[in-house]
2 protein chains.
Amino acid sequence: MTELSRSTEDYLKAIYGLGRSGEPVPTGALADALAIAPASVSGMVRRLAETDLIAHEPYRGVQLTDAGRRAALRVIRRHRILETYLVKVLAWDWDSVHAEAERLEHAASDLLVARMADALGNPAFDPHGAPIPTVDGEIEEQELVPLTELGVGGTGEFRLVSDDDAERLRYIASIGFRVGTRFELVEVTPFRGPLTVLRRELGASPQLIGYELAQSLLCLPCTLEPAA
Amino acid sequence: MTELSRSTEDYLKAIYGLGRSGEPVPTGALADALAIAPASVSGMVRRLAETDLIAHEPYRGVQLTDAGRRAALRVIRRHRILETYLVKVLAWDWDSVHAEAERLEHAASDLLVARMADALGNPAFDPHGAPIPTVDGEIEEQELVPLTELGVGGTGEFRLVSDDDAERLRYIASIGFRVGTRFELVEVTPFRGPLTVLRRELGASPQLIGYELAQSLLCLPCTLEPAA
DNA sequence: AGTCAAGATTAGGTATGACTAAGACATTAT
DNA sequence: ATAATGTCTTAGTCATACCTAATCTTGACT
């Protein structure tokens with residue numbers, strides 16, 4: 001198995017992210033995700049299909065082969081272990097690790113990642129709540145719903161947010177939200193306006209959250225026991 | 001100042017390493033150091049000269065400009081901080097860090113390197129004894145001599161060895177040599193044969209060292225006080 | 001001074017991976 | 001069924017950075 005290029009790894013990672021539904025990923029969606037012209041993606045897709053990392057049905061989309069999925073999960077594991085290490089050991093902020101990990105994931109060896117994982121106690125989730133694939137390529141997919149779908153009176157625990165928007169992450173942290181924060185959705189204004197969320201852990205006053213933001217907060221619905 | 005390519009950084013680093021004497025570096029020497037065909041170096045050298053990172057006198061050689069030297073020292077700082085971090089914090093062996101640092105040095109941001117340096121207490125030397133340039137591009141050049149030049153009865157301290165040959169580093173460690181080891185050169189056989197070295201710190205029996213190897217061990221001549 | 005060898009450069013070619021412009025396909029609307 | 005629309009692909013170009021083969025410089029030796 002020869003070394004994969006940086007570009008190849010980025011494509012595989014993006015295809016994995018966009019293809020979790022099982023549907024083929026249109027090359028246009030890939031182009032958007034990678035910020036690359038659609039025509040360039042067509043060319044690259046041909047090369048990736050030739051090396052059997054993806055299957056391409058022209059005009060339909062691409063899907064990872066087993067080899068492609070394994071490679072993608074290796075990159076994702078590297079990324080998430082690196083993020084976790086930077087946050088936990090080097091006191092990096094959760095909103096700025098993404099860009100650094102994005103570059104390091106292509107340079108760090110499996111051995112380095114293994115050492116970091118050991119130092120961290122082999123964590124199962126990264127700082128944003130995303131599951132970290134195991135060395136064998138197992139990944140635990142969680143059944144999470146956007147905060148917006150909990151409905152008035154719904155209760156849940158904030159579990160996962162995408163790591164790619166530093167601005168958003170900074171804001172989430174600034175309003176006191178952390179992975180694991182449990183809350184009740186107290187009020188929903190009509191027309192996709194702000195939602196009011198009451199955080200139980202803090203016993204704090206209700207918190208207003210915009211609809212767009214709330215959609216990005218993936219939660220595990222659960223009943224709230226009285227705080228321990 | 002735009003981002004430099006991986007290749008560019010490798011060239012600058014190599015030119016810095018080969019040009020410390022002040023003499024222009026022949027492109028052929030560069031080609032050897034980078035394991036690249038001489039013709040390819042000519043092409044790259046033209047590009048580097050166009051961006052004023054190096055000065056090129058055709059058929060004479062290349063020299064770093066101030067901008068080139070600054071860039072080279074930034075890469076070297078990254079490399080050496082990374083090596084030190086891997087060894088000190090992640091328990092890496094001193095003989096295997098080079099390859100890893102060689103890749104990470106192009107991906108790690110100055111911020112990451114700063115965090116690692118802080119965690120290490122801003123060390124002045126890497127695990128192989130090489131001085132680590134400061135953020136401002138200051139580097140402390142040491143006046144060291146190969147062990148072979150100490151002469152019979154000479155005494156010194158092992159201070160520096162190149163990090164690029166894992167085999168050699170493994171052997172050096174296996175015979176109990178560490179950066180800082182102090183010794184007396186007891187005997188030299190003629191015709192570049194083995195040298196006999198007596199290590200004072202260990203109070204150990206004399207150690208035979210081959211001439212080639214001894215040439216790579218750079219030492220600080222010093223008198224040996226009775227061990228503390 | 002003329003010749004020769006070593007070393008450096010130029011010339012021409014390849015691979016990767018991006019771009020724009022133009023053409024092909026599929027879907028949806030008439 | 002056909003036309004319009006949007007998406008996808010093909011064609012042709014460019015930049016980077018490598019290669020081999022051929023040519024040119026330099027310096028040393030006769």
Side-chain angles (χ1 to χ4, degrees), chain A residues 1-15 18-19 21 23-64 67-68 71-72 75 102-103 105-107, chain B residues 1-15 18-19 21 23-64 67-68 71-72 75 102-103 105-107:
Chain A
M1 173 192 345
T2 46
E3 187 92 348
L4 301 179
S5 75
R6 202 214 138 110
S7 248
T8 298
E9 291 187 337
D10 282 338
Y11 274 80
L12 295 178
K13 193 157 60 101
I15 294 167
L18 295 169
S21 66
E23 289 298 298
V25 178
T27 57
L30 247 186
D32 286 348
L34 294 167
I36 278 172
S40 308
V41 172
S42 284
M44 190 64 179
V45 155
R46 184 166 33 72
R47 285 189 288 269
L48 292 179
E50 274 163 14
T51 54
D52 279 318
L53 289 165
I54 64 175
H56 180 212
E57 227 186 310
Y59 296 99
R60 301 303 319 285
V62 298
Q63 277 179 308
L64 293 173
V75 181
E102 196 80 352
R103 273 174 294 116
E105 69 190 5
H106 305 292
Chain B
M1 171 193 345
T2 47
E3 186 92 346
L4 301 179
S5 75
R6 201 213 138 107
S7 247
T8 298
E9 292 188 337
D10 283 338
Y11 274 79
L12 295 178
K13 194 158 58 103
I15 294 167
L18 295 168
S21 65
E23 289 298 298
V25 179
T27 57
L30 248 186
D32 286 348
L34 294 167
I36 278 171
S40 307
V41 172
S42 284
M44 188 66 176
V45 155
R46 183 165 33 74
R47 285 190 289 269
L48 293 178
E50 274 163 12
T51 55
D52 279 319
L53 288 165
I54 64 176
H56 180 213
E57 227 185 311
Y59 295 99
R60 303 302 322 285
V62 299
Q63 276 179 311
L64 293 172
V75 181
E102 196 80 352
R103 274 175 294 117
E105 69 191 6
H106 305 293

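The shown structure was predicted, so the numbers you read here are calculated from the model rather than taken from an experiment. In what follows, chains are A, B, ... by sequence order, proteins preceding strands, each numbered from 1. FYI, side chains are in, hydrogens and waters are out, and symmetry mates aren't considered; it's all heavy atoms of this structure.
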Value for CG (B:Asp10) from CD (B:Glu105), rounded to nearest 0.5 Å, stands at 6.5 Å
Base, sugar-phosphate or nothing for B:Thr27? Non-hydrogen atoms, less than 4.0 Å. sugar-phosphate
Verdict with supporting geometry, A:Leu48 and A:His56, side-chain contact (heavy atoms from CB on, under 4.5 Å): CA-CA 9 Å; A:Leu48 292 179; A:His56 180 212; over 6 Å; no
Nearest heavy-atom pair of B:Leu12 and B:Ala72: which atoms, and what distance? O-CB, 3.7 Å
For B:Ser40 versus B:Ile36, what's the shortest heavy-atom pair and its separation? CB-CG2, 3.5 Å
Under a 4.0 Å heavy-atom criterion, the protein footprint on nucleotides 16-26 of chain C, written with B, S and -, is -BSBBB--BS-
B:Leu4 and B:Leu53, any side-chain heavy atoms less than 4.5 Å apart: yes
Which whole-number value in Å describes the distance from B:Arg46 CZ to C:dA8 C1'? 13 Å
To the nearest Å, how far apart are B:Glu9 CD and D:dT16 C1'? 15 Å
B:Ile54 CD1 - C:dA8 C1' separation (whole Å): 14 Å
Which atoms form the tightest heavy-atom contact between A:Pro24 and A:Arg60, and what is the distance? CB-O, 4.3 Å
What is the separation between atom CG on B:Leu4 and atom P on D:dA15, rounded to the nearest whole Å? 19 Å
Closer than 4.0 Å, any side-chain N/O of A:His56 to the OP1 or OP2 of D:dT9? yes
For atom CG of B:Leu30 and atom C1' of C:dT9, their distance in whole Å: 15 Å
Mind calculating the distance between CG (A:Asp32) and P (D:dG6) to the nearest angstrom? 15 Å
